[in-house]
S.K.: 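Pasting a structure below so you can have a look.
As the structure is a prediction and not an experimental result, all values here were calculated from the model. Values reported hereafter were calculated over all heavy atoms of this structure, with side chains retained and with hydrogens, waters and symmetry mates removed. Letters go in sequence order (proteins before strands), and every chain restarts at 1.
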Amino acid sequence: MDWDCQFRGACFDGSDMSAVLHPVSPAIQIQDLRVDYGKFVAVDDLTISVPAGEIFGLVGPNGAGKTSTFKVLATLMEPTYGEVRLAGIEIFEQPEAARRVMAYMPDLAPVPSDLKVWEFLDCFAEAHELGNAAQRRERIEECLDLVSLADKNNVFCKTLSRGQTQRLVLAKTLLHRPKVLILDEPASGMDPMSRRQLRLALRNLAADGATVIVSSHILSELSEMCTSICVMNRGKLLAAGSVEEVRRVLGRTERILTLGVVERVDEAVGWLQGREHVAEVRLAGERIAFSFAGSARDQAQLVSDLVQEAFLIHALEEQRSTFEEILLDVSGSNAAAAPNLPLS
Amino acid sequence: MSDTPPAFPPSSPRHWWSNPIFRRYARSRLRPQALMAGLLVVGIIAAFIYFGVRTGFRYQAHMVEADAERAVLVPLLIFQAIILFLAGTGQVAAGITAEADEGTLDYQRLSPMTPLAKVLGYVTGLPVREWCLFGITLPFTGWALWKGEVEAASWVPVYAALLSSAVLYHLTGLVAGTVVKNRRWAFLVSIGVIFLLYTVIPQAAKFGLVYFKYLTLWPVVDENIAGMMPREAGGLIRLAKSLEPDVRFFGLHFSEIAFTLFTQIFLSLTFGMMLWRRWRRAESHLLGKAWALGIFAWMQLMLLGNALPLIAPGLLFPSRQFNRRFFREENWQPQVSEAVVMIGVYGAVTLLLMVVLTLIITPGTEQQITGLQRGRKLGWKRLPPLSDPASSLWIVVLMAVAGAAGWTVFSTQLLGSEWFAGHQLVPYASGAFLLVLLGGGLICQGVLEAWGGQRFFLVCVFGAVLPVMVGGIVASVGDRSLTAATWLAGVLPVASPVYAAVVLVPTVDVPRDVVRALPRAFWFWQVVTALATGWVVWRLREIRQARRALVYKEDGRS
C-alpha cells in the first residue's frame, strides 16, 4: 500500500479534520474542493490524492457530498473553488482533455430509450474517435463481453432490466479505456452474480493501471472491493486510508467479547460484573457476552485473570465495529449536530 | 428479429455527417417504419396541395399551364414552413428537454467534443426527420418551379431565407429546450418564443422600428413573391412592390435578402453563444454581461440605422404606409400625434429589451454567494465586474445611457424633420429619457439581485399589471374618470416612455383632461420611481455587503 496517512486533530465530528495523503503518483488529485448550493455547503475543503491503480471507495451517508464530488470530478459541475487533476490534467482548464482520460457512471444510470445497445455505444465510440466502424465494432464487442451483454447488442436499451442497464452503462464507461473511472453506486440494481463480475472487472482494470473511484451503500462490498477508502460526512472528510485504518480511526473503541466457559457460568457472570472496562454482561445461550472498552493489553489482562480464577475457558470471540455501524454512527451524529450555519 | 441478428451494420467510410450526435439522432429518428409513415402522410398532403391547386387554377380559373404551376408554389411554401418551423422547432425543444429529463444529456456533456460540435449535432440531428419530410415536398416544388418557368432570382432568395429561418427557429427551440426543464412546457415555450420573436415583435416595424421586420421571412417573401405567383397576379404585386423602398441602413442600401440573412445570422450567433455558454458550464447565464451590453448597443444602432433614412421620404410613418397600400398618397402629411406614438414605442421597446437582458445577466442569491466564496478563497478584493456572480447594476446603467442616447437621436431626428416644422423636443428631453430608463431598469435589476425572481414577479404584478387593470376599469366609467385612469396607468414602467413622449412633445391631439393630468402624473411617478430606485439600490448595497461579510467572516476577513 502506497498510502501515508496523516490525520491532524482527528475528531469524530470532523470539525477540524483533514487528511493529507501522500501518494506515490496521484491519478486523482483534489485540493481544497468546495461546492456550495447557495447557503448549503455540500463539499467543504476536501483534499484527497489517489495514486494510479487504486480502487478508492467514497463512503458516507446521504448528503455527505459524494455525488457532488463525483460531479465535479466528472466536469459536470463547477465547484465554488478548488483544484482537481485527473491523470495530471487540470480539469477546469482542459475539460475536453480530461474527458478523454476519464469516464463517469452516474447513480441509477439512464439509457436512451430510442436506441439499440450497439447504437448507444457506437455514439460514444465515435465521440471518442475509436477508429473506423470495424474498429469501433470490435471494441464495443469487447466491452459488451466484459459485462456479459454480448447477446443483447441488437436489442433496444429500453428492454433491458435495471441490472443490465447498469452493466450497459458500465460498458459505455469502459469504451475508451479511461485512466480514471468515476462510478457512483455502480452496483445498484445488480444481482449477486453481476456484482461479483463488477468486482472482478474493476480489479482487472486497476491491475492494468486504471484508477477507480467508487461509491456504494453496500459497505461490506465496498470494503471487499476497495484498496482504500475515505469517509465523508456533511461535506467534510472524516478519515481516509486503508479499510483497517479507517475502521481504527472511526470505529467504536468498545467491542463485544463472547466467552465460552465450561461450568461455573453464573459465577463467571458475577465475577465479570464490576470489572474495569466491562459493561452489559449477559448470558447468550451457553456463552457470556459483554462489552469491553479497554485496550488490547487490558483485554489480555482480563483473560489472564479469568484463567487465574480457574474458570475453564474454551472460547473467546471478539466482534469489532462493522462499516455499517461506522456509517450509522456517522449518520447519527448528523441528527445530533446543528445544521450548517446559513450565510445570510 | 432473427435468432442471431447481425450485430453491427457493415463498415462504411466516414461521411460529412460524421458528427456523433447527428448520427445518434439519424439512427433513432430515421428508422424505416416511422419515417415511411411520415413520408407517406406528408407526401400525400403535398400531392393533394399540388394537384388540387394546380387543377383548380388550370380548369376553374382557366389559367395557362405555367401560371397554374406557379399558383401551387405559395401553398407548398406554407406547408413546408409548417413542417420546418413548427414541427421541427417543437422537436428540437422537446428533444433536448427529454434528454435532460432522462439524464442522458450528461453523457453528451462528457463527450470529448467541442461545445460548437455539440450544438451543431443537436441542431441538425434532432429535427432530421422533419428535414426528410421537407425533402419529400421538394419534388413538387421543383416541378412547379420548372414548369412554371420561375426565375432562379425569385425562388432562390425565398428558399435561402426559408432555410436560414428554419435554422434560426431550431436554434431558438434549442435555447428554449435548454432553459425549460419540463418537456411539455419546452414545446409550448419554444413555439411561444418563436411567435413572439418572429411574429409579434416584428409588428413594431409598423411604428418606426423597421429593423425588427428583418427577423422574419416576410421581407424576402414580399420582395420575391411576385416572381413566384401567376404572372397576372405577380404583375400587380410587382407594381406595388416597385413603390416599396429597399433596405436602407444609414447611407447604405441593401437587398432584402442580404439584410434579412445578416439579421438572422446575428441572431443565430447570439443563440449559438447562449448554447455554447450552457454547454461549457451548465450554471452559466445565457449571456455574459459584455455580450448583453454589446447586443443592446447593437440593437440601438440597427434600429436607428434602419429608421433614420426613412424619415425624410416619409416612409417611416404608419399612416404613409397605410396610404401607399391604397394609393392615397396625395396631400399626405404625418400628424404630430403619430410622431409621439412612434417616440413612445421606441422608448417602450428599448425599456423592454433592457429588462429582458437584465433578467438574463442578473445573478441570483446562490450565484452571488458561490462567487463570493470563490473570491474569498482566491484572495480577490472584489468579483471581476463582468463575471456572472458580479452585480449587473453598472451594466444596466450603461444600457440605460445607451438607450437614452438612441431614443434621443430618434426623437430629435423625427421632430427635426421637415414634416414637423415648428415642433421640437424640450431641452431636457434626454435627461427625462434617461430618468425613465434608469428607473425601470434599476428597479428591475435591484429587486432581482437583492430578493430574487419571486419578489420580482410580485413587484411586476402589483406595480405593473394591477394598476393597468384598475386604470382600464376606471377609464371605462366615462370621460370624467380619464384623469384618475391616467394617474393609475402612469405607475406602469412601460407606460413611462409613452407618457414621456406626450409630455416632451407638446401636442393638442389628446383629450383635454388627459393633457392636464398627464404631465403631473408623469413627473409624480418619475419622482416616486426615482425615490424607489434610490431605496432599492441602497438596500441592494446593504444586502450585498451583508452577504460578503458573512462569507468573509469564515476566515476573519471582511
S.K.: Can you tell whether the side chains of A/E78 and B/R374 come within less than 4.0 Å, N to carboxylate O?
M.R.: yes
S.K.: Taking A/L115, A/D32, A/V169 one by one, which has the highest count of heavy-atom pairs under 4.5 Å against chain B?
M.R.: A/L115
S.K.: Taking the side chain as every heavy atom from C-beta outward, state whether A/V111 and B/T104 have any pair of such atoms under 4.5 Å apart.
M.R.: no
S.K.: Taking the side chain as every heavy atom from C-beta outward, state whether B/P112 and A/H128 have any pair of such atoms under 4.5 Å apart.
M.R.: yes
S.K.: Counting only heavy atoms closer than 4.5 Å, note whether A/P79 contacts chain B via side chain, backbone, both or neither.
M.R.: backbone
S.K.: Do B/Y107 and A/F120 come close enough that some side-chain heavy atom pair is under 4.5 Å?
M.R.: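 Sidechains of A/F120 and B/Y107: in contact.
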S.K.: Using non-hydrogen atoms and a 4.5 Å limit, figure out which bit of B/R31 sits close to chain A: side chain, backbone, both or neither.
M.R.: side chain
S.K.: Between A/E126 and B/R23, does any side-chain N to carboxylate O distance fall below 4.0 Å?
M.R.: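 Salt bridge: yes.
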S.K.: To the nearest 0.5 Å, how far apart are CG in A/L76 and CG in B/D106?
M.R.: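 A/L76 CG to B/D106 CG: 4.5 Å, rounded to 0.5 Å.
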S.K.: Do you know which two heavy atoms are closest between A/C123 and B/P20, and how far apart they sit?
M.R.: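 That would be O-CB, 3.5 Å.
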S.K.: Can you tell me which of A/V35, A/V117, A/D122, A/T75 forms the most heavy-atom pairs within a distance under 4.5 Å of chain B?
M.R.: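 Ranked by heavy-atom pairs under 4.5 Å with chain B, first place is A/D122.
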S.K.: Which pairs of donor and acceptor atoms, one on a side chain in residues 113-125 of chain B, lie under 3.5 Å apart (sequence neighbours left out)?
M.R.:
residue: B/T114; atom: OG1; partner: B/A117; partner atom: N; Å: 3.1
residue: B/K118; atom: NZ; partner: B/Q108; partner atom: O; Å: 3.1
residue: B/K118; atom: NZ; partner: B/R109; partner atom: O; Å: 3.0
residue: B/K118; atom: NZ; partner: B/S111; partner atom: O; Å: 3.1
residue: B/Y122; atom: OH; partner: B/E99; partner atom: OE1; Å: 2.7
residue: B/T124; atom: OG1; partner: B/L120; partner atom: O; Å: 2.6
residue: B/T124; atom: OG1; partner: B/G121; partner atom: O; Å: 3.4

S.K.: When you look at B/R27 and A/K116, which way does the side-chain contact (heavy atoms from CB on, under 4.5 Å) test go after all the steps?
M.R.: CA-CA 9 Å; B/R27 279 170 177 150; A/K116 293 180 177 181; over 6 Å; no
S.K.: Measure distances from A/A97 to the heavy atoms of chain B and classify the residue's part below 4.5 Å as side chain, backbone, both or neither.
M.R.: neither
S.K.: Would you indicate whether B/R280, at its atom CZ, is surrounded by more than 12 heavy atoms from other residues, nucleotides or ligands within a distance under 6.0 Å?
M.R.: yes
S.K.: Is it the side chain or the backbone of A/M102 that comes within 4.5 Å of chain B heavy atoms, both, or neither?
M.R.: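 Looking at A/M102, just its side chain touches chain B.
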S.K.: Identify the heavy atoms of B/L110 and A/A74 that sit nearest to each other, and give their distance.
M.R.: CD2-O, 2.6 Å
S.K.: Can you name the closest pair of heavy atoms from B/E102 and A/P112 and give their distance?
M.R.: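 Heavy atoms only, the tightest pair is OE1-CA, 4.1 Å.
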S.K.: Work out which heavy atom in B/R376 is nearest to a heavy atom in A/Y81; give both atom names and the distance.
M.R.: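 Smallest interatomic distance, heavy atoms only, reads NH2-OH, 3.2 Å.
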S.K.: With the side chain counted from C-beta on, respond yes when B/Q373 and A/V41 share a heavy-atom pair under 4.5 Å apart, and no when they do not.
M.R.: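 They are not in side-chain contact.
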